[in-house]
Amino acid sequence: MCSIMGYCGTKMSYEDFKRSLSKTKSRGPDVSRIIKTNRGYLGFNRLSIMGLNNNGMQPFVYNDNATVSYEVTNDSPCYGEPTDYDYSLVCNGEIYGFRSLKEMLIEKGYSFISDSDCEILPALYKEYDVDMFKLLDAEFALILYDNRNDSYIVARDPIGIRPLYYGIDSEGDYLFASEPKNLVNVVEEIKPFPPGHYYKDGEFVCYRDLSEVSAYNGDSKEEILLNIHDLLVEGVNKRLDSDSPVGFLLSGGLDSSLVCGIAAELMPRPLETWAIGMDVDAIDLKYAREVADYIGSNHHEIIITKKDVQDALEPVIEALGTYDITTIRASIGMYLLCKAIHEQSDNKVILTGEISDEIFGYKYTDFAPSPEEFQAESQKRIKEIHMYDVLRADRCISVNSLEARVPFGDHSFVEYCMSINPDIKMNHYGKGKYLLRKAFEKDKIIPESILWREKAAFSDAVGHSLKDDLVELAEEKYSDIDYEQGIKKYTHARPFTKESLLYREIFEKYYPNQSEMVKDFWMPNKNWEGCNVDDPSARVLSNYGDSGK
């Protein structure tokens with residue numbers, strides 16, 4: 001991951017901007033650079049993944065159909081004078097298929113100086129204006145300054161895999177940044193930039209909404225299975241393109257195992273796979289090991305303790321910028337695993353299995369009363385995932401100076417799977433995610449027992465004691481009276497357990513009065529029979545069954 005920041009005004013000092021950008025140095029530890037525009041600043045912290053030489057360093061400055069090579073210093077934070085160039089840009093992103101776009105632009109007379117995928121973006125903007133966003137197959141967040149029109153253009157990918165936040169300062173000027181920590185004490189209200197939107201001249205415009213379906217496709221079940229298979233394989237394949245070493249999170253569950261199984265077939269050398277579990281009751285380590293042995297990966301196991309879990313809680317909440325219970329629980333293991341990857345290997349790019357549940361269903365969506373309700377729930381989850389599972393993956397990985405790639409978030413895959421008639425996706429088969437499982441049955445790329453294994457919640461699978469250790473910490477901190485008094489301070493997303501009060505108070509320490517960055521607590525749909533529970537863990541549902549074994 002990298003981090004970006006843009007200030008669209010004239011009053012903020014260079015030093016104040018630099019100080020705010022430095023708060024996300026862990027996202028881009030290799031090198032930092034800030035340039036001045038006619039109206040503000042653009043800043044970039046780099047994690048080198050594609051185009052590793054200095055010419056791939058951002059902000060990119062563009063003039064006369066060509067990228068300009070330049071150096072900046074603290075005394076001269078710009079290329080010449082801001083009036084000397086047409087465009088400048090910062091982007092945290094991976095642009096898939098950028099080589100064919102680059103060739104097309106070269107044929108039109110544009111020239112480039114690096115192998116960076118993001119370098120093509122100013123040229124694309126010059127050629128297509130804001131229509132460029134419809135062309136991108138990418139995970140990205142970008143800020144572009146159009147010097148010709150004194151205009152800022154800001155955009156984010158349709159899922160929100162790459163983070164972006166914004167706010168307005170006391171002077172009425174916009175600021176945009178990769179994380180809310182860049183904007184704390186700079187703007188009054190921090191908001192997530194809406195996925196699938198671009199901002200231009202004070203207006204937010206939706207250019208693509210992958211959750212919306214105008215009509216279900218009429219494919220047969222056999223065609224659906226084939227398309228699920230082929231689109232996911234392509235989604236994995238394009239995410240293996242990296243100039244830096246690639247690693248894989250492997251929980252032993254269906255989603256991460258499929259990503260690893262597909263990649264093992266595509267890559268010429270053994271994968272580097274990573275798993276984590278508690279020292280007393282890890283559930284998934286044995287399943288991850290089974291998959292690793294089957295695909296022949298170079299497998300690594302990280303064992304954690306109760307002390308590791310409790311010590312990680314505050315740095316995890318600081319990194320996440322959330323108080324949500326399920327997000328925090330699931331982040332502890334991922335954060336500690338990615339910390340180990342950063343410390344023990346040269347892996348920089350990490351493939352993960354997020355976004356499958358939102359498309360094919362959770363354990364609780366077995367209780368959906370109708371196909372229409374199932375589809376509505378899936379749409380809601382896709383729209384909001386940038387505040388929950390995608391946020392978790394981004395922060396846990398990026399705070400450890402790694403880059404996340406999410407094959408299940410591939411645009412073509414999501415768009416197609418969302419267009420499948422929800423009645424076919426519902427659990428009529430006695431097994432959740434039946435279509436995804438069935439699509440890969442013939443390949444035998446992972447063990448059959450894993451392909452058909454019941455889903456376990458990630459935090460539970462790391463170890464049931466992980467949740468219990470966090471609950472114990474909260475019980476030790478708050479008496480019943482403390483709890484009753486403590487929750488009264490909050491009106492939005494009021495804590496409803498001692499555990500959630502602990503999380504909220506840590507959140508407020510780092511992000512005071514910014515709770516509305518997150519819509520609410522992630523919980524099953526309480527309007528459905530069987531889902532009116534008081535804990536987000538699937539462990540409390542009546543259909544959890546053998547999932548946690």
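The residues of the chain are indexed from 1 along the displayed sequence.
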Novice: For Y287, does the six-membered ring have the charged nitrogen or CZ of R453 within the cation-pi criterion, i.e. under 6.0 angstrom from the centroid and within 45° of the normal?
Specialist: yes
Novice: Using distance alone, with no hydrogens and no angle criterion, decide if T273 and H299 have a side-chain donor and acceptor under 3.5 Å apart.
Specialist: yes
Novice: Do you know the tightest heavy-atom contact between Y216 and N421?
Specialist: CG-CA, 4.0 Å
Novice: Decide salt bridge (charged side-chain N to carboxylate O under 4.0 Å, His left out) for E377 and K380; before the verdict, give the C-alpha distance in whole Å, the side-chain angles of both, and the deciding distance to 0.1 Å.
Specialist: CA-CA 5 Å; E377 192 71 10; K380 170 182 164 62; over 6 Å; no
Novice: If you compare all heavy atoms of L351 against all heavy atoms of P407, which two are closest, and at what distance to 0.1 Å?
Specialist: CD2-CG, 4.0 Å
Novice: Is there a salt bridge (charged side-chain N to carboxylate O under 4.0 Å, His left out) between D394 and R27 once you walk through the steps?
Specialist: CA-CA 10 Å; D394 173 80; R27 296 186 70 90; 2.9 Å; yes
Novice: So do the side chains of F193 and V154 get within less than 4.5 Å of each other, counting heavy atoms only?
Specialist: yes
Novice: Is there a ring pair (Phe, Tyr, Trp, His ring centres under 6.0 Å) between Y199 and F176? Walk through the geometry before answering.
Specialist: CA-CA 11 Å; Y199 162 94; F176 301 90; 5.2 Å; yes
Novice: Just wondering, do S297 and P270 contact through their side chains at under 4.5 Å, heavy atoms?
Specialist: no
Novice: Which residue pairs satisfy the ring-ring contact (aromatic ring centres under 6.0 Å, His included) criterion with at least one member in residues 223-264, sequence neighbours excluded?
Specialist: H229-F440
Novice: Please tell me whether S419 and N217 have a donor and an acceptor in their side chains that are separated by less than 3.5 angstrom.
Specialist: yes
Novice: For the residue pair F112 and Y62, does the interplanar ring angle fall in the parallel (under 30°), tilted (30 to 60°) or perpendicular (over 60°) class?
Specialist: tilted
Novice: Can a donor-acceptor pair be found, under 3.5 Å and without considering hydrogens, that links the side chain of E139 to the backbone of G93?
Specialist: no
Novice: What pair of heavy atoms forms the shortest contact from Q375 to V213, and how long is it?
Specialist: NE2-CG2, 3.7 Å
Novice: Which atom names give the shortest non-hydrogen contact between I4 and A141, and what distance separates them?
Specialist: CD1-O, 3.3 Å
Novice: Do L124 and L121 have side chains that get closer than 4.5 Å, going by heavy atoms?
Specialist: yes
Novice: Output, in order, the C-alpha distance, side-chain angles, deciding distance and verdict of salt bridge (charged side-chain N to carboxylate O under 4.0 Å, His left out) for R381 and D357.
Specialist: CA-CA 9 Å; R381 293 305 181 191; D357 294 335; over 6 Å; no
Novice: Is it true that D157 and H411 share a donor-acceptor pair across their side chains at a distance under 3.5 Å?
Specialist: no
Novice: Any side-chain donor paired with an acceptor under 3.5 Å for Y416 and N227?
Specialist: yes
Novice: Check whether R156 reaches the backbone of G196 with its side chain - one donor and one acceptor, N or O, closer than 3.5 Å.
Specialist: no
Novice: Between E179 and T24, is there a side-chain donor-acceptor contact under 3.5 Å, judged purely by atom types and distance?
Specialist: no
Novice: Under 6.0 Å from the six-membered ring centre of F133 and within 45° of its axis: does the NZ or CZ of R208 meet both?
Specialist: no
